[in-house]
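Everything on this sheet refers to the single structure shown next.
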Amino acid sequence: MALRNIGANFEVVATSDWNFNSVLAYNAIHTENPKDFTINKTMEEIESYLYKINISADGKEPLTLKQIQRYNDKKKKDIYNAFMNTNNLGSIVGINPEEVPDCDLFTYSYPCTSISLSGSQKGMAKGSGTSSSMLWECQKIIEAKKPKYLLMENVKNLVGKKFKPFFDEWLEYLEQQGYKSFWKVLNAKDYGTAQNRERTYCISILDCPDSVEYKFPEPIPLTKCLEDYLEKDVDEKYFLSDDKVEQLVYNMEHTNEK
């Protein structure tokens, strides 16, 4: 979306995400002229493919073939088309890096649940098996494709005292691969979005001369507020009934009594 907003000439050659709900949303937002890839495909072929790429319904566990088969045919077709329209290769764990198309820019992130302040705090050490250690799965693609540019994003706590050593280890690995990295914590509210959202961004450049320094953009004045994002006319189906509102208020008022 950011590249589109600045008018850049680019093509997304592949994506990777195993949560089919996220892929359905991504497809709805980014695919302008979706195609139907299920034509001439049997339901068995569709089910087999979705199982092969390890799709997930919750981002925690892959679906078994039997679980996939329980979805109705329309749902399975929608999921299949979403993956195909977005060139989604499925879970990065099962990706063969040699099958990933060549690219100039590799954008990547990984679950923050093991490093965020509200998460498990179990870390992201390589081989630890935590959700955040999925970062190290990116190694195989970086080494096989050597993109000119890498762009990483994750929570602010990545560079906090507890987890900064793991991030430094990652930066050292990138340096060994020939990348020069630049990182900074940026806040969405400083770049035109009415949200206080701090995130760590890291730009890595392959074979970057020592004399070159990447400069992150300077903050810009915030001209929007929450009201600017709200719809004027909202369908009544999105409103709670009076009974539900009363129950919600009651629960909130009596929470501390339990």
Side-chain angles (χ1 to χ4, degrees), residues 1-17 26 30 86-89 92-93 95-112 114-116 123-128 130-193 197-220:
M1 188 70 77
L3 292 175
R4 184 188 303 173
N5 289 343
I6 64 174
N9 182 20
F10 70 97
E11 176 189 3
V12 178
V13 295
T15 61
S16 172
D17 193 331
Y26 182 91
H30 296 281
T86 58
N87 299 321
N88 195 303
L89 305 178
I92 191 172
V93 175
I95 289 179
N96 178 353
E98 298 302 329
E99 295 178 357
V100 175
D102 292 338
C103 57
D104 300 304
L105 169 65
F106 178 54
T107 64
Y108 64 106
S109 190
Y110 44 98
C112 66
S114 304
I115 59 175
S116 69
M124 49 184 275
K126 185 176 182 179
S128 63
T130 66
S131 58
S132 296
S133 68
M134 289 282 288
L135 164 67
W136 300 95
E137 291 289 341
C138 297
Q139 283 182 300
K140 58 186 178 184
I141 296 177
I142 293 173
E143 292 174 13
K145 296 301 166 179
K146 284 295 178 72
K148 176 65 176 177
Y149 305 99
L150 310 176
L151 170 60
M152 185 218 72
E153 174 271 345
N154 214 295
V155 293
K156 178 183 179 180
N157 205 39
L158 170 64
V159 294
K161 181 178 180 180
K162 185 174 183 178
F163 301 119
K164 181 63 162 49
F166 298 104
F167 182 52
D168 288 339
E169 182 182 354
W170 176 251
L171 295 180
E172 183 178 348
Y173 159 75
L174 292 179
E175 184 177 1
Q176 292 171 355
Q177 296 300 312
Y179 289 93
K180 184 177 181 180
S181 297
F182 309 86
W183 67 269
K184 189 174 183 179
V185 175
L186 304 178
N187 196 324
K189 69 176 182 148
D190 294 326
Y191 299 94
T193 300
R197 186 181 181 87
E198 293 181 298
R199 290 294 182 270
T200 303
Y201 290 87
C202 180
I203 300 286
S204 303
I205 305 174
L206 184 64
D207 298 328
C208 180
D210 292 336
S211 59
V212 174
E213 293 291 326
Y214 178 82
K215 293 183 178 180
F216 286 90
E218 295 294 328
I220 60 176

> Does a side-chain heavy-atom distance below 4.5 Å link Ile203 with Phe216?
Replying inline: yes
>> Less than 4.5 Å apart, side chain to side chain, heavy atoms only: is that true for Gln139 and Tyr173?
In response: yes
> Roughly how far apart are Lys156 NZ and Arg197 CZ, rounded to 0.5 Å?
Replying inline: 14.0 Å
> What are the two closest heavy atoms between Lys145 and Pro101, and how far apart are they?
Replying inline: CD-O, 4.1 Å
> Do the non-hydrogen side-chain atoms of Val12 and Asn87 ever get within less than 4.5 Å of each other?
Replying inline: no
>> The criterion is side-chain contact (heavy atoms from CB on, under 4.5 Å); which residues satisfy it with Leu89, sequence neighbours excluded?
In response: Ala14, Ile95, Val100
>> Could you measure the distance from the CG atom of Leu174 to the SG atom of Cys138? Nearest 0.5 Å is fine.
In response: 9.5 Å
> Should Tyr110 and Ile92 be marked as a side chain to side chain contact (heavy atoms under 4.5 Å, CB included) after you check the CA-CA gap, both sets of side-chain angles, and the distance that decides it?
Replying inline: CA-CA 10 Å; Tyr110 44 98; Ile92 191 172; over 6 Å; no
>> Using side chain to side chain contact (heavy atoms under 4.5 Å, CB included), reason through Asn154 and Leu135 one step at a time and then give a plain yes or no.
In response: CA-CA 11 Å; Asn154 214 295; Leu135 164 67; over 6 Å; no
> Would you say Glu218 has more than 12 foreign heavy atoms packed within less than 6.0 Å of its CD?
Replying inline: no
>> My understanding is that only residues two or more places apart in sequence, or in another chain, count here; which of them pass salt bridge (charged side-chain N to carboxylate O under 4.0 Å, His left out) with Lys146?
In response: none
> Got a donor-acceptor contact below 3.5 angstrom from the Tyr191 side chain to the Pro217 backbone?
Replying inline: yes
>> Can you tell me how far apart OH (Tyr214) and OH (Tyr149) are? Round to the nearest 0.5 Å.
In response: 10.5 Å
>> Main chain of Gly123, side chain of Thr130: is a donor-acceptor contact present, judged purely on distance under 3.5 Å?
In response: yes
> So, for Ala144 and Glu98, which heavy atoms are closest and what is the spacing to 0.1 Å?
Replying inline: CB-OE2, 3.9 Å
>> My understanding is that only residues two or more places apart in sequence, or in another chain, count here; which of them pass side chain to side chain donor-acceptor pair (under 3.5 Å) with Thr15?
In response: Asn88
> Is there any salt bridge (charged side-chain N to carboxylate O under 4.0 Å, His left out) pair reaching into residues 2-17, and which pairs are they, with sequence neighbours excluded?
Replying inline: none
>> I'd like to know if the side chain of Ser132 and the backbone of Met124 have a donor-acceptor N/O pair within less than 3.5 Å.
In response: no
>> According to side chain to side chain donor-acceptor pair (under 3.5 Å), who are the partners of Lys162, at least two apart in sequence or on a separate chain?
In response: none
> Residues in salt bridge (charged side-chain N to carboxylate O under 4.0 Å, His left out) with Glu175, at least two apart?
Replying inline: none
>> Please enumerate all residues that pass side-chain contact (heavy atoms from CB on, under 4.5 Å) together with Thr200, with sequence neighbours excluded.
In response: Met152, Leu158, Val159, Trp183, Val185
Mind listing the side-chain donor-acceptor pairs of residues 163-172 below 3.5 Å, one per line with the distance, residues two or more places apart or on another chain?
{"from": "Lys164", "atom 1": "NZ", "to": "Asp168", "atom 2": "OD1", "distance (Å)": "2.7"}
{"from": "Lys164", "atom 1": "NZ", "to": "Asp168", "atom 2": "OD2", "distance (Å)": "3.3"}
{"from": "Trp170", "atom 1": "NE1", "to": "Tyr108", "atom 2": "OH", "distance (Å)": "3.0"}

> Minimum heavy-atom separation for Val155 to Cys112, with atom names?
Replying inline: CG1-CB, 3.6 Å
> Backbone N or O of Ile115 within a donor-acceptor pair of the Asn157 side chain at under 3.5 Å?
Replying inline: yes
> Nearest heavy-atom pair of Tyr179 and Lys148: which atoms, and what distance?
Replying inline: CE2-O, 4.0 Å
>> For Arg199, give me all partners under salt bridge (charged side-chain N to carboxylate O under 4.0 Å, His left out), at least two apart in sequence or on another chain.
In response: Glu153
> Taking Lys140 for the side chain and Val93 for the main chain, is one N or O donor matched with an acceptor at less than 3.5 Å?
Replying inline: yes
> Considering residues at least two apart in sequence or located in another chain, which fulfil the side-chain contact (heavy atoms from CB on, under 4.5 Å) criterion with Asp190?
Replying inline: Asn187, Pro219
> Where do Ala125 and Trp136 come nearest, in terms of heavy atoms and distance?
Replying inline: C-NE1, 4.0 Å
>> Under the rule for side-chain contact (heavy atoms from CB on, under 4.5 Å), what residues qualify as partners of Asp104, not counting sequence neighbours?
In response: none
> How would you list all residue pairs meeting salt bridge (charged side-chain N to carboxylate O under 4.0 Å, His left out) that involve residues 205-217, not counting sequence neighbours?
Replying inline: Lys180-Glu213
